[in-house]
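Structure first, then comments.
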Protein chains: 2
Amino acid sequence: MTSLSTPHHDPVTAKPRATMRHVAALAGVGVKTVSRVVNGEPNVSAATIAKVRDAARQLNFEPDIHAGNLRRADRRSQTLGLLVGSVANPFSGAIHRAVEDAAAEKGIAVFASSLDDDPTRERGIVSTFLRRRVDGLILTTASKSQGYLLPELEHGTPIVFVDREPVGVEADAVVSDNANGAAVATRHLIEHGHTRIAFLGDREDIWTMRERRRGYRDELGRAGISSNDAQVIGGIVDEQAARQAVDDLLASGNPPTAIFSSQNLITTGAIRSLRDNDAGHRIALVGFDDIALADLLDPAITVVAQNPQRIGALAAERVLAKLDGDTTADQTYVVPTTLIVRGSGEIRPNE
Amino acid sequence: MTSLSTPHHDPVTAKPRATMRHVAALAGVGVKTVSRVVNGEPNVSAATIAKVRDAARQLNFEPDIHAGNLRRADRRSQTLGLLVGSVANPFSGAIHRAVEDAAAEKGIAVFASSLDDDPTRERGIVSTFLRRRVDGLILTTASKSQGYLLPELEHGTPIVFVDREPVGVEADAVVSDNANGAAVATRHLIEHGHTRIAFLGDREDIWTMRERRRGYRDELGRAGISSNDAQVIGGIVDEQAARQAVDDLLASGNPPTAIFSSQNLITTGAIRSLRDNDAGHRIALVGFDDIALADLLDPAITVVAQNPQRIGALAAERVLAKLDGDTTADQTYVVPTTLIVRGSGEIRPNE
DNA sequence: TGAGGCGTTGATAACGATGTCACGGATTGT
DNA sequence: ACAATCCGTGACATCGTTATCAACGCCTCA
């Protein structure tokens with residue numbers, strides 16, 4: 001056996017990539033001049049620019065942005081790290097898209113990763129971003145504290161939290177009007193005559209879940225509804241669990257007349273259960289976060305809609321502003337939610 | 001006025017980032033030894049490893065992956081570029097998620113961008129990826145030819161196309177069973193007694209649209225249905241346009257008894273129009289690509305479902321395999337579609 | 001006409017990491 | 001006991017780019 005080996009892509013056919021040196025040689029100029037042309041720096045003669053452009057085109061030259069970044073004064077990688085719930089989730093997708101649009105305008109590329117509400121993933125992904133020297137971070141978090149980001153903040157990396165407020169660090173955050181939105185939803189149900197309103201919640205350790213539950217409870221309190229009537233069910237991790245939870249509620253001795261489901265997947269699970277149990281027109285439902293085609297269901301689903309586009313756009317705006325030297329004090333930006341009345345939330349008890 | 005300036009993040013508070021030299025100095029070893037520890041290379045004493053780890057932790061050291069990449073033999077940036085229709089679109093999101101999962105396993109980060117069916121964007125985004133020296137590319141395309149990628153392919157960069165086949169280059173592609181899926185949908189409608197089946201299509205220059213239309217036409221031909229009965233409407237760019245198109249169809253002198261909508265947003269637009277015109281239970285509808293909650297609508301929507309998870313997973317698998325030296329010949333992988341019968345596709349004419 | 005300035009250009013060091021290689025000390029084999 | 005080997009380690013060159021600075025030629029103005 002010889003020592004011949006093909007460790008990776010076939011080295012026989014692999015053509016080397018053109019560097020500035022190659023371009024410089026072909027154009028008959030120095031590398032620094034190529035650099036000047038590529039970066040649009042002034043004081044290069046038109047003739048030289050043409051020669052260099054030609055050579056670069058011939059060789060399919062693409063500058064190595066990271067090699068440049070190594071020496072460049074501003075050390076910008078033109079890259080952002082984005083961590084969202086899951087890139088497969090429409091809410092996250094809308095945030096991602098808004099961030100991409102803002103970043104693309106400035107030639108900035110975006111790393112996007114999924115958190116899955118897993119603290120370990122959070123740390124790993126952030127580390128992955130940091131090792132790639134992203135210029136800024138937009139993060140949804142799951143860990144108990146984001147104190148580990150302090151050194152990065154001190155270094156000057158702009159960090160903006162989205163969807164959930166951070167713990168253990170001061171930084172910008174962009175979140176939905178969670179407690180108020182939940183209160184509005186709850187009040188809406190109360191105004192339609194309900195007192196037995198169940199709350200279907202996510203995992204206890206998720207900040208948005210606690211905020212929404214707080215809004216729900218506060219509103220019940222304001223209406224003078226006994227907390228005995230509040231059926232708070234937490235720890236619902238997916239659509240199937242939500243379905244089961246509602247099945248159980250309906251089978252219980254004292255079912256609620258209305259349901260407030262505090263999240264996307266939980267809402268669809270609830271819809272399925274209500275449908276299965278033929279209770280869709282009997283039990284009111286208001287969901288937190290809009291769902292696709294909710295207006296075409298029967299009944300159409302009343303929701304408190306979030307504004308993920310706005311959340312993403314605002315987060316990107318803040319990060320980019322900080323990169324441009326903006327020193328506005330860190331704060332939490334609250335993006336309003338909107339009650340969208342469609343039918344399911346206007347069902348009255350005992351109908 | 002002094003020459004003091006604050007070009008970017010406040011240089012007064014900006015702490016420098018720790019490099020291997022700093023870690024080496026603190027640990028009292030050479031930089032190469034730090035490199036060995038960080039990369040888990042063998043032949044370092046346990047005591048030295050401990051010293052280095054300690055120092056690295058104290059300084060919050062994160063290695064600069066791109067600086068290393070510059071000198072490293074394999075030149076891997078541990079990064080993939082992914083270009084999809086739009087990161088806000090559930091189909092794209094599912095692909096993205098599958099790619100992310102496969103990549104994350106190997107510590108690879110993913111750049112994700114949206115194409116918006118814009119050839120100019122395609123070129124710009126690919127260039128953006130290339131300048132960042134991604135290890136591989138997974139691309140949805142909009143331009144007439146991908147010939148511009150030839151130099152990159154020759155260089156050995158693995159490229160896999162998703163959703164649409166490339167033109168002008170030979171490369172792996174992972175696509176849905178478009179023509180066949182469309183034929184299955186069409187046959188399904190024919191089997192339920194329809195002959196006047198309208199086709200609602202996307203922009204003409206989109207490969208998937210042409211494939212699906214081909215499947216539709218072929219199937220009509222096989223059934224001996226006159227092409228006069230085929231009402232092909234193309235150039236539908238969004239949901240609103242689809243709605244309008246169906247409104248027009250219904251108002252025409254000779255409306256179809258069934259509709260095959262060849263895409264996601266077009267399907268929802270069609271549903272809305274049918275609903276508005278009170279025709280949902282009279283005119284059959286089969287959509288290409290599944291939509292959320294389709295099973296809860298009235299009627300529930302029959303669709304030919306794609307499998308974006310599978311498409312993404314397969315594309316990622318191919319790219320990663322090529323990175324590992326796999327030299328299987330380039331080919332197009334066809335991911336099967338599935339007819340999901342729910343109700344709207346089983347409505348008979350004249351009901 | 002000669003000093004000074006400006007526009008254009010390239011040689012060289014440096015960025016933060018890894019590949020190479022050489023060195024010293026410990027271990028092994030005979 | 002001595003050579004051969006192996007292990008642990010660090011000095012140095014290097015990857016592709018940009019910052020610095022010096023040099024050159026040409027123009028301007030006194």
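First the proteins, then the strands, lettered A, B, ... as listed; each starts at 1.
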Between [Y] and [X], is the closest basic N to carboxylate O distance under 4.0 Å?
X	Y	result
A/D117	A/R164	yes
B/D74	B/R72	yes
B/D330	B/R318	no
A/D172	A/K322	yes
A/K106	A/D324	yes
B/K51	B/D54	no

Donor-acceptor list for residues 124-131 of chain A side chains, cut-off 3.5 Å, not counting sequence neighbours:
unit_1, atom_1, unit_2, atom_2, d
A/S127, OG, A/R131, NH1, 2.8
A/S127, OG, B/E62, OE1, 3.3
A/S127, OG, B/E62, OE2, 3.3

Revision key, fill the gap. Here the distance between atom P of C/dT18 and atom CZ of B/R76, to the nearest Å, is 16 Å
Exercise for review: In whole angstrom, give the distance that lies between atom CZ of A/R36 and atom P of D/dT17.
Suggested key: 15 Å
Revision key, fill the gap. The complete set of ring pair (Phe, Tyr, Trp, His ring centres under 6.0 Å) pairs with one or both residues in residues 42-70 of chain A, sequence neighbours excluded, reads A/H66-B/H66
Practice item. Could you tell me whether the phosphate oxygens of D/dT9, OP1 or OP2, come under 4.0 Å of any side-chain nitrogen or oxygen in B/T33? Key: no
Review point. Do you see a donor-acceptor pair shorter than 3.5 Å between the side chains of A/D116 and A/S114?
Key: no
Dump the pairs, protein N or O against N or O of nucleotides 15-17 of chain C, anything under 3.5 Å, distances to one decimal.
unit_1, atom_1, unit_2, atom_2, d
C/dC15, O2, A/R71, N, 3.4
C/dG16, N2, B/A67, O, 2.9
C/dA17, OP1, B/D64, N, 3.0
C/dA17, OP2, B/M20, N, 2.5

Check your understanding: Does atom CD of A/E41 have more than 12 heavy-atom neighbours from other groups under 6.0 Å away?
Key -> yes
Can you list, pair by pair, the side-chain donor-acceptor contacts under 3.5 Å of residues 137-153 of chain B, counting residues two or more places apart and other chains?
unit_1, atom_1, unit_2, atom_2, d
B/T140, OG1, B/L83, O, 3.0
B/S143, OG, B/E122, OE1, 3.0
B/S143, OG, B/E122, OE2, 2.9
B/S143, OG, B/S145, O, 3.2
B/S143, OG, B/Q146, NE2, 2.9
B/S145, OG, B/G147, N, 2.9
B/S145, OG, B/V167, O, 3.4
B/Q146, OE1, B/V167, N, 2.9
B/Q146, NE2, B/E122, OE2, 3.3
B/Q146, NE2, B/S143, O, 3.1
B/Y148, OH, B/E122, OE2, 2.5
B/E152, OE1, A/R17, NH1, 3.4
B/E152, OE2, A/R17, NH1, 2.9
B/E152, OE2, A/R17, NH2, 3.4
B/E152, OE2, B/T157, OG1, 2.7

Practice item. Scan B/A24 against the nucleic acid and name what it touches under 4.0 Å (heavy atoms): base, sugar-phosphate only, or nothing. Key: nothing
Check your understanding: Under a 4.0 Å heavy-atom cut-off, which of residues 41-54 of chain A touch DNA chain C?
Key -> A/N43, A/V44, A/S45, A/T48
Revision key, fill the gap. Judged by nearest nucleotide, the residue sitting upstream toward the 5' end of DNA chain C, B/K32 or A/V29, is A/V29
Exercise for review: Five pairs at each end of the helix from C/dT1-D/dA30 to C/dT30-D/dA1: take the axis at both ends and give me the angle between them to 10°.
Suggested key: 30°
